[in-house]
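Presented below is the structure to which this report refers.
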Amino acid sequence: MPDSGKETSLNQVIQQLVPDGSQVYCEGILANRLPMAAVHEIIRARRRGLRLVSAPNGLAIDQLIGAGCVEEVEFYFLGFMTNKGFQAMRRFRSAVEAGRIRAKESMGYAVCMALRAGAYGIPFIPIPDFRGSDLLNVRDDYRIMSSPYNPDEMTVIVPALQPDVLLLHAHTADEHGNVVLDEPWPMFTLTTAQACQRVLVTVEEVVEAGKLGSSRITIPHFLVDAVVKVPFGAAPTALNKRYEVDDNHIAVYQESAKTAEGFAQYLDEYIFGCTDHEAFIDKIGQPREWIRGS
Amino acid sequence: MPDSGKETSLNQVIQQLVPDGSQVYCEGILANRLPMAAVHEIIRARRRGLRLVSAPNGLAIDQLIGAGCVEEVEFYFLGFMTNKGFQAMRRFRSAVEAGRIRAKESMGYAVCMALRAGAYGIPFIPIPDFRGSDLLNVRDDYRIMSSPYNPDEMTVIVPALQPDVLLLHAHTADEHGNVVLDEPWPMFTLTTAQACQRVLVTVEEVVEAGKLGSSRITIPHFLVDAVVKVPFGAAPTALNKRYEVDDNHIAVYQESAKTAEGFAQYLDEYIFGCTDHEAFIDKIGQPREWIRGS
Amino acid sequence: MRYSFPELIISTLSSQLRDGERVFTGVASPVQMMATFLAKATHAPNLLYFTILGTVDPQPFRLPYSTGSPHLFDRCANAITFPEIFDLANRGRMDVAFLGGVQIDKFGSLNMSVIGNDFSRPKVRLPGGAGGPLMIRSFKRVISWRSRHSQRCLVEQLPFTTSPGWISDLKGQRHGGPDVLVTDLCVFKFSRTTKHFHLESIHPEIDLDTVKSQTGFLFRTPRRQAITREPSENELEILRRYIDPNNIRDDLLGSPKVIQ
Amino acid sequence: MRYSFPELIISTLSSQLRDGERVFTGVASPVQMMATFLAKATHAPNLLYFTILGTVDPQPFRLPYSTGSPHLFDRCANAITFPEIFDLANRGRMDVAFLGGVQIDKFGSLNMSVIGNDFSRPKVRLPGGAGGPLMIRSFKRVISWRSRHSQRCLVEQLPFTTSPGWISDLKGQRHGGPDVLVTDLCVFKFSRTTKHFHLESIHPEIDLDTVKSQTGFLFRTPRRQAITREPSENELEILRRYIDPNNIRDDLLGSPKVIQ
């Protein structure tokens with residue numbers, strides 16, 4: 001893809017890179033740097049039949065499920081803490097309890113290792129034995145195998161994950177598509193970008209080539225299919241060094257998500273009711289600036 | 001290990017961390033940042049029966065083999081270019097041709113994946129099929145296995161490598177033992193540090209805690225067993241941004257290494273004849289300062 | 001000295017940690033995070049603390065509610081990635097994981113997955129077991145914390161085992177499970193030899209009958225009943241003044257009942 | 001325009017690369033590095049170049065002798081690690097690898113390991129095949145370069161196959177091997193359908209009989225013999241002025257025989 005093509009509108013990018021039925025890996029953890037702008041745009045594009053693979057980033061997953069975009073979710077923890085206490089993911093829970101979506105529960109390390117295998121281009125990877133967990137009874141794709149080098153050492157074999165598309169919100173990209181996630185140790189984000197077949201990144205800002213300064217590049221340009229500038233693209237979740245989590249808006253969402261009707265209203269007001277993420281931010285207010293503390 | 005114990009003399013550290021018979025992983029590539037100070041100290045300590053696992057860093061391997069420290073070497077390429085042309089590793093070659101050491105030839109990716117498996121604490125890892133190579137006939141520890149998810153997809157199973165000790169030369173460490181290798185993408189060095197059971201790092205300088213500045217830490221302190229300050233510790237090989245390769249001294253070595261007698265003289269003059277790396281540098285002269293070019 | 005119920009819980013969890021240990025807290029674990037900070041500030045200065053974000057020994061300027069808050073990056077010794085914490089544990093390099101369960105059975109097995117018989121259409125879909133199923137055996141020790149001690153939570157047998165405890169019917173398998181289970185009523189310890197929980201101590205102002213009637217499995221009781229150690233003056237001072245000056249602990253642990 | 005033999009070789013290798021391709025050079029490959037720089041500076045501006053150090057699209061201030069020189073970090077687009085280049089290739093994301101062999105046989109199999117019958121005590125211990133055994137099939141195309149074209153190097157059958165070429169006796173196996181073999185005498189191409197090398201062109205001032213007598217395997221020759229394309233004026237200017245102003249190429253490629 002020519003460099004100049006990498007920056008475009010989020011809507012166009014979703015149309016191109018996230019067709020119905022895609023397997024989507026959603027980056028971000030708890031209420032930290034979830035790709036909310038991309039998630040909302042997928043909802044606006046009324047995508048259907050998505051198969052999600054999630055880190056513990058329930059808010060994004062809950063909204064995609066509630067909006068009917070999802071047919072399957074692979075996950076290992078959905079929920080998070082705010083200053084209002086533990087946040088259960090109500091649309092997820094309701095959809096699973098009603099049998100509307102397939103809930104492929106996994107184990108955190110199994111998903112990470114499956115992504116490592118996907119990044120390496122190998123079809124499977126062994127992980128240490130965790131027999132005794134009933135998860136192995138509900139995951140018939142996980143197999144038990146002894147080590148060829150020690151018949152007493154049992155391993156669980158996990159198939160590689162190579163999701164169709166990665167959704168990531170990061171700090172900065174340059175015009176070639178080099179992406180910087182400004183956290184002290186973002187290497188696993190690179191691994192997920194390698195595992196995914198297409199990489200869609202929203203960023204706070206795009207700079208000229210050569211202007212990334214001393215920041216180490218997190219994802220090199222040749223792995224990136226599209227970069228879209230979306231200020232506050234992670235809001236209402238936080239972005240390290242940029243802005244704080246909006247616990248109040250999350251509380252509004254959580255109250256709405258208690259019922260299907262409430263969720264539908266939230267959807268109409270905050271997602272379909274906003275033409276894009278800028279309009280959403282106008283509506284909920286800019287997130288509080290990052291405070292490094294005393 | 002308490003922080004204060006991490007900085008000590010190289011001789012002491014070799015005595016403690018590299019006993020006879022150790023499996024040693026040597027970092028560095030071609031004539032770039034080989035841990036030459038540590039290698040020379042191992043020779044001075046007259047270690048025997050070492051099993052080496054090597055990146056393509058022939059100079060270090062050749063000297064250890066020539067000095068009689070080695071009983072086995074796992075490798076995939078030994079040799080490099082200088083301005084005098086291709087440098088074959090003569091003591092290695094002579095020792096293998098005489099049947100004095102076991103030469104476990106591998107394939108670059110197989111060693112890297114074995115180290116990844118070692119770092120992850122899994123007993124083996126599959127890599128893509130490379131049948132047709134006679135290496136599979138001489139490596140009976142590599143097995144052929146089809147993917148449990150696709151009987152037509154064959155893989156080569158490689159056992160994990162967890163060498164006893166890593167030898168690394170890097171730029172800087174802080175007094176806690178956090179290590180910075182000042183290259184743009186040193187992540188695989190972290191993987192090797194995770195794979196190895198003990199980590200021995202020589203560095204150009206040791207700074208106070210909190211004084212690593214904006215450098216991203218390559219190896220966190222809790223993976224590091226010993227840090228020793230050895231200026232020019234990679235010479236006569238290069239260190240990025242610090243000093244250039246000493247092609248002339250390498251030519252002296254290569255000429256010596258043509259015969260057992262010549263090598264013995266080199267050993268007496270440059271290794272046993274120098275009490276430590278400082279004396280060696282005094283003898284061969286400081287390496288040329290790094291020149292970033294025009 | 002007067003102290004609150006949340007302070008007792010944090011002090012009790014803290015006292016389970018030992019100097020020099022490598023401790024991990026997972027998702028949604030702010031109480032465990034406070035306990036870890038308290039241990040490091042008191043009896044365990046060489047404890048090495050790993051959060052789910054990968055930050056090592058964070059010193060946030062303000063205590064966050066979430067163990068996934070990016071403020072845990074503000075000041076830290078260094079960092080690592082989430083799967084690398086598992087890697088360390090697989091290589092025998094991690095000591096303590098705090099693991100929770102919505103339900104816990106007599107072997108210390110944890111259920112974080114579903115209530116109900118049909119996994120694909122459960123009565124209640126729980127959040128998921130995160131890394132528990134492997135961590136419960138790859139870490140040297142596991143500590144569990146359960147608020148709202150009741151027969152619904154502490155059960156004889158789980159309907160679904162997310163993370164297996166000290167069951168022993170699988171040959172050649174490493175074992176794992178909580179060594180300590182702290183609730184809002186008491187402290188249980190698990191004996192790896194007898195394969196049973198026993199009551200280690202009861203919290204002040206709680207009686208044994210309450211514990212028994214609220215627990216769905218049988219447990220051993222010692223001859224002389226111990227009372228959970230009260231927070232020391234030093235612990236209270238550090239907790240109130242340095243770790244949690246804004247009193248997040250009362251938000252998290254419900255009514256700040258004061259204990260004499 | 002007059003040009004030297006090293007210039008012909010570099011231009012010939014360069015002309016094998018196509019715009020937009022992702023190209024990898026391994027250990028001890030300075031000639032291939034120059035050819036890659038030349039292609040990128042002329043007909044293949046969107047070529048993406050990966051070195052064994054992991055640097056992507058390096059622009060060193062001075063051309064190093066070694067493809068492992070840290071000066072390849074001086075200016076580069078970004079970087080990646082050595083195993084990640086294999087990872088990319090495994091996922092079908094890499095195009096061209098330059099792979100060499102001390103010996104090459106009629107199927108394009110490469111020997112970089114041993115000469116002699118006893119692997120554990122060989123007559124000659126060669127440096128090793130680096131990543132070749134896998135790269136030869138995980139990259140879309142492989143280009144080989146062999147100086148000193150002789151019957152000792154280009155053999156009917158290898159004594160030891162480090163990296164297997166276009167052999168086809170293993171079922172269900174992906175195939176691989178060099179598509180192009182450039183020597184100091186000529187250019188061979190391998191036909192994936194006929195499974196044979198054919199002579200693509202002979203270098204200026206070399207005759208067919210020399211090529212035949214120096215080659216240890218049979219190869220097909222076209223009806224009308226082509227001469228290897230000479231370097232263009234633009235290529236020579238760029239190579240001499242920008243890529244290799246200090247004339248490393250003559251050091252590397254032996255006698256700078258001038259070709260009219």
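Naming convention: chains lettered A, B, ... in sequence-line order (proteins, then strands); numbering from 1 in each chain.
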Requested in this report: Count the heavy-atom pairs under 4.5 Å between each of D:Leu88, D:Asp87, D:Val56, D:Asn46 and chain A, then report the option with the highest count.
Outcome: D:Asp87
Please report the closest heavy-atom contact between [X] and [Y], naming both atoms and the distance.
X        : Y        : result
A:Asn178 : D:Ala77  : ND2-O, 4.1 Å
D:Glu84  : A:Gln194 : OE2-NE2, 2.9 Å
D:Asn90  : A:Tyr120 : ND2-O, 2.9 Å

Query raised in the report: What's the spacing between D:Leu48 CG and A:His221 NE2 if we round to 0.5 Å?
Result: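 Output value for this atom pair is 5.0 Å.
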Query raised in the report: Say you draw a straight line from CG of A:Leu212 to CG of D:Asn78; how long is it, rounded to the nearest 0.5 Å?
Result: 10.0 Å
Query raised in the report: With distance as the sole test, does D:Arg91 use its side chain to make a donor-acceptor pair with the main-chain N or O of A:Ala119 at under 3.5 Å?
Result: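 It does hold such a pair.
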**Report entry** Backbone N/O of A:Phe222 and side chain of D:Arg22: donor-acceptor pair under 3.5 Å
**Finding:**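 Flag set: sc D:Arg22 to bb A:Phe222 pair under 3.5 Å.
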Would you find more than 12 non-hydrogen atoms of other residues, nucleotides or ligands less than 6.0 Å from [X] atom [atom1]?
X        : atom1 : value
A:Gln15  : CD    : yes
D:Asp118 : CG    : yes
D:Tyr242 : OH    : no

